[in-house]
Every structure is written in C-alpha cells, then in structure tokens.
Trainee: 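Sending over a structure as structure tokens; questions will come in a sec.
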Amino acid sequence: MSEILRLENITRRYREGEGQLEIFSGLNLTVHAGEIVALVGQSGAGKSSLLHIAGLLEAPTSGEITIEGVAASALPDAERTRIRRDRLGFVYQAHHLLPEFSALENVVLPQMIAGTSRTGAAKEAARLLDMLGLGQRLSHRPAQLSGGEQQRVAIARALANKPKLLLADEPTGNLDPRTAGGVFDALIQVTRAQGVGALIATHNFELASRMDRTMLLDQGKLVEGPPQRHGQN
C-alpha cells in the first residue's frame, strides 16, 4: 500500500504565561492508502491538535508532515490550501452543514468550489449520499434530518472531492450510542469503498477496535496498540 501520510518527530508546544506547555513531543505516525487508523486517548490528550497538524490546519512546533510524498510543513499558505482542498477530507464532531441548502447541495458545493461542473457534482453527491443510506433524503435541509443523517451528509461532503486522506475528529461524539454505531458503520463502509486512508480520533475504544490499527496518545506519547481486524470487538 502506498503511504498517504507521514508524521515525523512532531512536537507541539503552546505559550503559557512566561513559559511553554508541551502537548506532545517526538510523535511519529504513518497512514497508508485504504488503511483506517484509530487515534484514541482521553479528552485533552491532544488528539484534535494532532489531527489539525496532520491536516495542515495548524503548524507543529517542530517536525515534518509529508502527504503523498510532499513535505508540507514549509510550503506557502496557498500550496497548503491546495493540498487540503485536493487531497484531504475532514469530518468534525459537529456537522457544520449549511442550513439553507439541501443535503445534495451541501455535498455539491465543495465540488463546485474545486472546479467540478454542477451536473458532475450533483451526480457524485447523489452517489455518495445513496451509499450512506440517504438516497431518499437528497432534497431535505439539515433541519429536516436527524442528527445521524446530518453527520452522514457531512461524511459525504468530506469525500466528495475524492481525497486521499480522511481526517475525522470524534465524528460520532454528539450522537447517542445506537445512532453512533450506525453512522460509524457507514463511515467505515464508504471509506473502504473509496480506498481512502483515514485517521479517526475517538475516545470510544469499542469503535477503535473495529479499525485496522489503534494508536494511543497518552501523556504526550503515541504508542501503537495491538493490531485490530475489521469487525473485531
């Protein structure tokens, strides 16, 4: 499998008064095409910060981020933005859908911004939403959808521009356990079908056990857990 993401010796410190607060230091991580990696840890461990660094939304204090062989930490802002648009997809705990647009339109818009024709974007949006079980809900606005359905739209939006890497930050954190399980199943299914590499932050160890690998972020260190097989509990 080809390597999609490599993090090398990543350190992140924040200024705190007269000194600095170190969140993590010397972290190393790789994600390959088609591989789904769980990033687990307690709240406040730094999972979101590490995802932001991997997604070129936040600069590390030191270390290198390589995406599809491109060393990205020293790139100009315009090039980093292009990489985020063309190669990365993001899913957050909150869906952040545009309330005035339908489910279909929410997935069409990022494609049109990237240069896809409206017709082509609508076809791809309908395909993804159908894969996620929303084929009959294309014209519904977010307020007409359940929380789980809204998050499925957000997943479709993240995958609409055919990213190489999906970064998800507690994507089921706002959902009840039953709904979360269904949304997570849909996320894994469509991610595998698309052949996308994924790094998914969660504090839910049961969900993490269903991914290919588990990385534990604890006290500033990143440690690989025992290999997990898809569907294993």
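The analysis underlying the following values was restricted to heavy atoms, covering all of them including side chains, and did not include hydrogens, waters or symmetry mates. One-based numbering along the sequence shown.
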Trainee: If Ile, Leu, Val, Met, Phe, Trp and Tyr residues are connected whenever their side-chain heavy atoms lie under 4.5 Å apart, and connections chain through other members, are Ile200 and Leu132 in the same group?
Mentor: yes
Trainee: Keeping the roles fixed (side chain from Gln150, backbone from Leu145), state whether a donor-acceptor pair exists under 3.5 Å.
Mentor: yes
Trainee: So, Thr116 side chain and Ala121 main chain: donor-acceptor pair closer than 3.5 Å or not?
Mentor: no
Trainee: Using the rule given for side chain to side chain donor-acceptor pair (under 3.5 Å), can you reason through Tyr14 versus Thr61, listing the C-alpha separation, both sets of side-chain angles and the distance that settles it, and then say yes or no?
Mentor: CA-CA 8 Å; Tyr14 293 98; Thr61 305; over 6 Å; no
Trainee: Which residue pairs satisfy the salt bridge (Lys or Arg N to Asp or Glu O under 4.0 Å) criterion with at least one member in residues 42-59, sequence neighbours excluded?
Mentor: Arg12-Glu58, Lys47-Glu170
Trainee: Is His203 atom NE2 crowded by more than 12 heavy atoms from other residues, nucleotides or ligands, each under 6.0 Å away?
Mentor: no
Trainee: Do Glu3 and Thr30 get their side chains close enough for a donor-acceptor pair, meaning under 3.5 Å?
Mentor: no
Trainee: Any idea how His96 and Tyr92 line up, ring-wise: parallel (<30°), tilted (30 to 60°), or perpendicular (>60°)?
Mentor: perpendicular
Trainee: Same hydrophobic cluster for Met131 and Ile155, using side-chain heavy-atom links shorter than 4.5 Å among ILVMFWY?
Mentor: yes
Trainee: Kindly say whether Gly46 contributes a backbone atom to a donor-acceptor pair with the side chain of Ser49 at under 3.5 angstrom?
Mentor: no
Trainee: Within a 6.0 Å radius of atom CD on Glu22, are there more than 12 heavy atoms belonging to other residues, nucleotides or ligands?
Mentor: yes
Trainee: Backbone N or O of Ser102 within a donor-acceptor pair of the Asn106 side chain at under 3.5 Å?
Mentor: yes
Trainee: Applying side-chain contact (heavy atoms from CB on, under 4.5 Å) to Met211 and Arg213, what does each step give before you reach the verdict?
Mentor: CA-CA 6 Å; Met211 301 187 223; Arg213 270 195 301 139; over 6 Å; no
Trainee: Indicate if Leu199 and Val40 have the same hydrophobic cluster label, given that clusters are the connected sets of ILVMFWY residues with side-chain heavy-atom separations under 4.5 angstrom.
Mentor: no
Trainee: So, the side chain of Asn161 versus the backbone of Pro110: is there a donor-acceptor pair under 3.5 Å, distance only?
Mentor: yes
Trainee: Considering all heavy atoms of both residues, which atom of Leu166 and which atom of Ala158 are nearest to each other, and what is their separation?
Mentor: CD1-CB, 3.7 Å
Trainee: Of all heavy-atom pairs between Pro171 and Val91, which one has the smallest distance, and what is that distance?
Mentor: CB-CG1, 3.9 Å
Trainee: Determine, using the 4.5 Å side-chain heavy-atom cutoff (strictly less than), whether Leu128 and Leu167 are members of one ILVMFWY cluster.
Mentor: no
Trainee: According to a 4.5 Å side-chain heavy-atom criterion applied to Ile, Leu, Val, Met, Phe, Trp and Tyr, with indirect links allowed, do Ile36 and Leu39 form part of one hydrophobic cluster?
Mentor: no
Trainee: Looking at Leu27, is its backbone amide N or carbonyl O close enough to the side chain of Asn9 to form a donor-acceptor pair, meaning the two atoms are under 3.5 Å apart?
Mentor: no
Trainee: Say whether, by atom type as modelled, one donor and one acceptor occur between the side chain of Arg6 and the main chain of Ile67 under 3.5 angstrom.
Mentor: no
Trainee: Counting neighbours of CG on Asp77 that are heavy atoms of other residues, nucleotides or ligands and sit closer than 6.0 Å, is the number greater than 12?
Mentor: no
Trainee: Please check if the number of heavy atoms outside Arg127 that lie under 6.0 Å from its CZ is greater than 12.
Mentor: yes
Trainee: Can you spot which of Asn28, Ile10, Leu29 makes a side chain to side chain contact (heavy atoms under 4.5 Å, CB included) with Leu222?
Mentor: Leu29
Trainee: With a cut-off of 6.0 Å (strictly less than), are more than 12 heavy atoms of other residues, nucleotides or ligands near CD of Gln219?
Mentor: no
Trainee: Once you round to the nearest 0.5 Å, how far does CG of Leu56 lie from CZ of Arg87?
Mentor: 10.0 Å
